[in-house]
S.K.: 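Please read through the structure below; I'll follow up with questions.
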Amino acid sequence: MKVTLPNNSVLEMEPGSTILDCVKKIGPGLAKSALAAIYNGKELDLSRTLTEDGSLRVLTHQNPESLELVRHSTAHLMAMAVSELFPGTLLTIGPVIENGFYYDFDSTHKFSPEDFPAIEEKMKELAKKDFPVERSEMARGDAIAYYKDPSHREPYKVEMMEEWTDEKVSFYKQGPFSDLCRGPHVPATGKLQHFKLLSVAGAYWRGDEKRPMLQRIYATAFLNKEDLEKHLFQLEEAKKRDHRKVGKELDYFHLEEGSPGMVFWHARGWRLYTKLMEYIRVKLARRGYQEVRTPEVVEKNLFVKSGHVANYADLMFFTESENREFVIKPMNCPCHVEIFKQGIKSFRDLPIRLAEFGKCHRNELAGVMHGLMRVRGFTQDDAHIFCTVDQIADEVADFCRLLQEVYADFGFNEIIVKLADRPPKRVGGDEVWTTAEAALKEACQRAGMSYELNPGEGAFYGPKLEFTLKDSLGRHWQCGTIQVDFNTAGRLSAEYVASDGSKIAPVMLHRAVFGSLERFIGILIENFAGDLPLWINPQQIRILPVSEKFLDAAAELNQKLLDAGFFSEVDVRNDKIGFKIREGEREKVPYLVILGDKELQSGKISLRKRKTGDLGAFSLDEAMEKFKLEISSRGA
RNA sequence: GCCCAAAUAGCUCAGCGGUAGAGCACUUCCUUGGUAAGGAAGAGGUCCCGGGUUCGAGUCCCGGUUUGGGCUCCA
C-alpha cells in the first residue's frame, strides 16, 4: 500500500498496518508527539488500520486542527473523572464549543465550582496514568442492549442511538471508562494537560424545556500552557470590562427592581446616547433618509392588521383607555407604513427611506434580560426603505457601505455577514425570493463583504443579512441587520402607482446599523473597557484646582471649555492634587487640567492624559486645538 | 418561561438563631497643597417583600420580586 506524505515522499506499507505504524516509520519522535492524523482528508485515530492508498498528514500539538481533538478528548477525561468521583452519574453528550467544551451530566449530586478542584485533580491523575484510548465498534442494536442493561444503564445514550441509522457505532475506552463516540481521539490520556473547569449551569436534554434538566460543566482545554493562560486572562479581562459594572462605576445608568429591563439613563450615559444619535443622524441625512417620529402607544388594531398580535403577542405590552385597546409598540414598521400611506405615492417617489430612533418595548421572558444587552425597553436606529424589487440591490449595497463606514469609525473592522435565505414556511412566490436573495448576494459583493449562508433562517416575509462585529477581546456581537419584507406593506394596504398605472405594494427593507442604542453602548463600554475615545466620551476634561484659592480661575476656564462645546467639569473638592488625579484616573476622565499658581503666572494650563501622564504646559488655544484634532480623527 | 444561586449603609462586601459591622464615599472641622490615597470627628440600615417556625429570625422554612450563571429566545 502506498502512503504519500506532505513532502511528496511515498512510504510502502504492509496491508493491515495502522496509521501509527506509518508514523513510526517516519520517525520515532513524531510517533511520540502524534495526536491523530488526516488520511485522505479524514481525521482519524492513530490506531486505525489503513485500507487504501492515500495521503497522510500527522497532527501534533503544533497543528491548530488538533485543538478540537484535544478538547473533545479532554471532555471524555472530564466525564471519566466525574464518573469515578460521583458513581451513578449518567452520561449524555460532551461537544466542543467555540472556546472549549462542555459535558452534560444527569446526577443526583449537585455540582458546584467547589467540586472543580477535586475533578481537576482527578483528571490530572487519570491523565498521568496515560491510559491508551482505544476505539472499538459494535452493532448498533448490541450497543443499545448493552446500555439498557441495568449494570451499565445509560438511557440518554440509548435514546440517541435509537434515532441513528448507522449499522455500527463506535466506542472509545480509556482504562475502565468507555463512552459512545464518533471520535477521533488522542492516542492516550497523557496527551491531555492544559485544561480548566470554568462553570456549571443547567441545560435541558436536547435543549427542550419539557425534557430533564441536566447539569452542564463548562471547561476549556488548549494545546499549550501559554494559550490556556492567555484565554483565562481574557476571561478575567472580560469580567473586568462588564458593562454593568463599568456603567455603574462611570455613573452612566442604572436598572431597578420596579422596572425590570428598562434603563434609567444618568446624565453621562445619556450624553453618550445622544452623541451616538447625532452621529448617525448626520450619516442618514446625507444618504437621503428622512427622520420621522411615531407614537409609542398605538391602537391595537394596527398591530392586528400587521399580523404582530397573531404572531408576537407574547412579547407585547398591552394597555387600554376609554374602552379602547392599545399596544406599546414592539417595533416601528407598522407606524412607518402609516406615514408612507399619507398621500398618493408614485413609483417616481421610490425609494422612500423613513428613519426613526424608535423606542420599542418587548415583554421579554424574565430570564433573558442582561444589562444593556437585552432589555425590555430599547431604541433602535431603525429605518424602513420602501422600494421596488429592482431597487433592492442598490439599497442593500448602500446600506452595507454605511454599516462598514460606521463600524470602522468605532474601530470595528472585522464584520461577519450571514445571509439567511428562504425558510420552509414563507409568503411570496419563489421568483420574488430568488430575486431578493440574489440582490442581497450582489449587494454584499458590491460592498466587498463576504458572507456565510444561513440556510432556511430567513424571516417568513423575506431573506435577511445579519452583521456581527468582533470586539477587542475577539467576542462576537450581532448588531446590524437588513431584512427584505414582501409582506407587511401589502397587509397594511400600502401601495404606489406603477408606471403602467397599476397599484403595487412596495417592498420594505427593515434595517438598523447599531441594532439598539442600548446594546451598542454596552458593546462600546466592553470593547473600550470604559475608556471611550474622546469623540464619544461623555467626560472629556476635568479641571483640578491645586487648592481652593484657584476655584474661581477653574470656573472661568471651565466656562471657556463649555462654550467651545467640550464636556468639562471642575473637581471642587477640598482635597490634595494627588488625590484628585487619582480619582480622575479611576473615573476614566480622558484629560485632566491642573490649575495652580504656576499656570496663573504663565497663562498656560497643564494637561494630563489618562494612562499617559503629564503632557506639560499648553496655551488654552493649543489645548483646544489638540482636543479638536483628536475628536475629528475619532482617535481612541 | 425553566434549572441553580444571590439580595445587608450611596458603593464593595463581612456577619449565618441572642443589642446590625468594615473599607470607600458622604457631612463638619483642621489642613491650602504641584501629577495616583493628608488628618480628626460625625451622620447614615424596614438586613428585597409577604407569611411561617422559635422565648427570640439578616440568619432556619415556604411563597413572591429582582439580579446573576445557564437553557430557550432575541435588537
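These values consider heavy atoms only, across backbone and side chains, with no hydrogens, waters or symmetry-generated copies. Numbered from 1 within each chain, the chains take letters A, B, ... in sequence-line order.
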S.K.: Of the nucleotides B/U32, B/C73, B/G34, which has the atom closest to the A/Glu548 side chain?
M.R.: B/U32
S.K.: For B/G44, decide between syn and anti, treating a glycosidic angle within 90° of 0 as syn.
M.R.: anti
S.K.: Any carboxylate oxygen within less than 4.0 angstrom of a Lys/Arg side-chain nitrogen, looking at A/Glu237 and A/Lys240?
M.R.: yes
S.K.: Working to the nearest 0.5 angstrom, can you tell me the gap between A/Thr612 OG1 and A/Leu607 CG?
M.R.: 11.5 Å
S.K.: Looking across every strand, which nucleic acid part, if any, lies under 4.0 Å from A/Tyr218 by heavy atom: base, sugar-phosphate, or nothing?
M.R.: sugar-phosphate
S.K.: Would you indicate what A/Gly616 reaches in the nucleic acid, counting non-hydrogen atoms under 4.0 angstrom: base, sugar-phosphate, or nothing?
M.R.: nothing
S.K.: If we ignore hydrogens and angles and just use 3.5 Å, is the side chain of A/Glu599 paired with the main-chain N or O of A/Lys604 as donor and acceptor?
M.R.: no
S.K.: Please report the distance, rounded to the nearest Å, between CG in A/Asp575 and P in B/A40.
M.R.: 14 Å
S.K.: Take the protein atom NE2 of A/His361 and the nucleotide atom C1' of B/C74, then report the distance between them rounded to whole Å.
M.R.: 17 Å
S.K.: Once you apply a heavy-atom cut-off of 4.0 Å, does A/Gly596 come out as touching a base, just sugar-phosphate, or nothing?
M.R.: base
S.K.: Please measure how far the P atom in B/G21 lies from the corresponding atom in B/A9, and state the result in whole Å.
M.R.: 14 Å
S.K.: From the options B/G34, B/A75, B/G33, select the nucleotide whose nearest atom is closest to the side chain of A/Ser606.
M.R.: B/G34
S.K.: Considering Watson-Crick and G-U wobble pairs with both distances under 3.5 Å, what does B/C2 pair with?
M.R.: B/G70
S.K.: Using Watson-Crick or G-U wobble geometry with both distances below 3.5 Å, tell me the partner of B/G18, or none.
M.R.: B/C55
S.K.: Nearest heavy atom decides the nucleotide; on that basis, is A/Glu466 or A/Asn574 closer to the 5' end of RNA chain B?
M.R.: A/Asn574
S.K.: Please name the nucleotide paired to B/U46 by Watson-Crick or G-U wobble geometry with both distances under 3.5 Å, or report none.
M.R.: none
S.K.: Would you be so kind as to tabulate the donor-acceptor pairs closer than 3.5 Å made by side chains of residues 362-384 of chain A, with sequence neighbours excluded?
M.R.:
from, atom 1, to, atom 2, distance (Å)
A/Arg362, NE, A/Pro330, O, 2.8
A/Arg362, NH1, A/Tyr312, OH, 3.4
A/Arg362, NH2, A/Pro330, O, 3.2
A/Asn363, OD1, A/Arg376, NE, 3.4
A/Glu364, OE1, A/Arg374, NH2, 2.9
A/His370, ND1, A/Arg244, NH1, 3.4
A/Arg376, NE, A/Glu364, O, 3.0
A/Arg376, NH2, A/Glu364, O, 2.7
A/Thr379, OG1, A/Tyr273, OH, 2.9
A/Gln380, OE1, A/Asn332, ND2, 3.3
A/Asp381, OD1, A/Phe514, N, 3.2
A/Asp381, OD1, A/Gly515, N, 3.1
A/Asp381, OD2, A/Val513, N, 2.9
A/Asp381, OD2, A/Phe514, N, 2.9
A/Asp382, OD2, A/Asn332, ND2, 2.8
A/His384, ND1, A/His336, ND1, 2.8
A/His384, NE2, A/His510, ND1, 3.0

S.K.: What is the distance, to the nearest angstrom, from the CD atom on A/Glu256 to the C1' atom on B/C11?
M.R.: 16 Å
S.K.: When rounded to the nearest Å, what value does the distance between C1' atoms of B/C61 and B/G17 take?
M.R.: 13 Å
S.K.: On a whole-Å scale, what distance lies between the C1' atoms belonging to B/A6 and B/G44?
M.R.: 25 Å
S.K.: Under 4.0 angstrom, heavy atoms only, what part of the nucleic acid is A/Phe378 near: base, sugar-phosphate, or nothing?
M.R.: base
S.K.: Would you call A/Arg475 and A/Glu526 a salt bridge, using N to O less than 4.0 angstrom?
M.R.: yes
S.K.: Are A/Glu395 and A/Arg353 close enough for a salt bridge, meaning some N to O gap below 4.0 Å?
M.R.: yes
S.K.: If you measure from the P atom in B/G15 to the same atom in B/U59, how many Å do you get, rounded?
M.R.: 15 Å
S.K.: I want to verify a distance call: between B/A37, B/C73, B/C2, whose nearest atom is closest to the A/Arg582 side chain?
M.R.: B/A37
S.K.: Check whether the ring centres of A/Phe253 and A/Phe264 lie less than 6.0 Å apart, and answer yes or no.
M.R.: no
S.K.: Provide the distance between the two C1' atoms, one in B/C60 and one in B/C74, to the nearest whole Å.
M.R.: 40 Å
S.K.: Would you classify A/Ala512 as touching base, sugar-phosphate or nothing, given that sugar-phosphate means primed atoms plus P, OP1 and OP2, and contacts are heavy atoms under 4.0 Å?
M.R.: nothing
S.K.: Is any side-chain N or O of A/Arg362 under 3.5 Å from a base N or O of B/C74, one able to act as donor and the other as acceptor?
M.R.: no
S.K.: What contact category does A/Lys248 fall into here, base, sugar-phosphate, or nothing, at under 4.0 angstrom with non-hydrogen atoms?
M.R.: sugar-phosphate
S.K.: Would you indicate which nucleotide in B/C71, B/C74, B/U12 comes nearest to any side-chain atom of A/Arg216?
M.R.: B/C71
S.K.: Choosing from B/A25, B/G34, B/G70, which nucleotide comes nearest the side chain of A/Asp597?
M.R.: B/G34
S.K.: Please report the distance, rounded to the nearest Å, between CD1 in A/Ile581 and P in B/G34.
M.R.: 11 Å
S.K.: What interatomic distance, in whole Å, is found between C1' of B/A7 and the corresponding atom of B/A40?
M.R.: 35 Å
S.K.: Just N and O in the side chain of A/Lys580: are any of them under 4.0 Å from OP1 or OP2 of B/U35?
M.R.: no
S.K.: Can you figure out which of B/C2, B/U35, B/G33 approaches the side chain of A/Arg608 most closely?
M.R.: B/U35
S.K.: Do A/Thr294 and A/Lys329 have a side chain donor and acceptor closer than 3.5 Å?
M.R.: yes
S.K.: Report yes or no: is there a donor-acceptor pair, N or O only, under 3.5 Å between the side chain of A/Glu585 and the base of B/A36?
M.R.: yes
S.K.: Classify the nucleic acid contact of A/Asp314 as base, sugar-phosphate or nothing, counting any heavy atom under 4.0 Å across all strands shown.
M.R.: nothing
S.K.: Just call it for A/Glu587: base, sugar-phosphate, or nothing, with non-hydrogen atoms closer than 4.0 Å on any strand.
M.R.: nothing
S.K.: Which whole number of Å gives the distance between the P atom of B/G50 and that of B/U8?
M.R.: 16 Å
S.K.: Which part of the nucleic acid, if any, lies within contact of A/Met369, taking any heavy atom under 4.0 Å across all strands shown: a base, the sugar-phosphate backbone alone, or nothing?
M.R.: sugar-phosphate
S.K.: For A/Lys418, look at atom NZ and say whether over 12 heavy atoms of other residues, nucleotides or ligands are found less than 6.0 Å away.
M.R.: no
S.K.: Rounded to whole angstroms, how far apart are OH on A/Tyr102 and C1' on B/G69?
M.R.: 16 Å
S.K.: Counting side-chain heavy atoms from C-beta on, which of B/G34, B/U32, B/G1 comes nearest to A/Leu365?
M.R.: B/G1
S.K.: Which nucleotide in the set B/A37, B/G69, B/A75 lies at the smallest distance from any side-chain heavy atom of A/Arg244?
M.R.: B/G69
S.K.: Roughly, in whole Å, what's the span from CD in A/Gln380 to P in B/A75?
M.R.: 8 Å
S.K.: Under 4.0 Å between a side-chain N or O of A/His370 and OP1 or OP2 of B/G69?
M.R.: yes
S.K.: Rounded to the Å, how far apart are A/Met262 CE and B/U66 P?
M.R.: 11 Å
S.K.: Using atom CG of A/Leu615 as one end and atom P of B/U35 as the other, report the distance to the nearest whole Å.
M.R.: 15 Å
S.K.: Side chain of A/Lys576 only, heavy atoms from C-beta on: which candidate in B/G34, B/G33, B/U66 is closest?
M.R.: B/G33
S.K.: Which of these nucleotides, B/U12, B/G38, B/C74, is closest to any side-chain atom of A/Glu364?
M.R.: B/C74
S.K.: Taking the nucleotide of RNA chain B with the closest heavy atom to each, which residue, A/Phe550 or A/Gly371, is nearer the 5' end?
M.R.: A/Phe550
S.K.: Using the P atom as the reference point in each nucleotide, state the distance between B/G51 and B/U72 in Å, no decimals.
M.R.: 39 Å
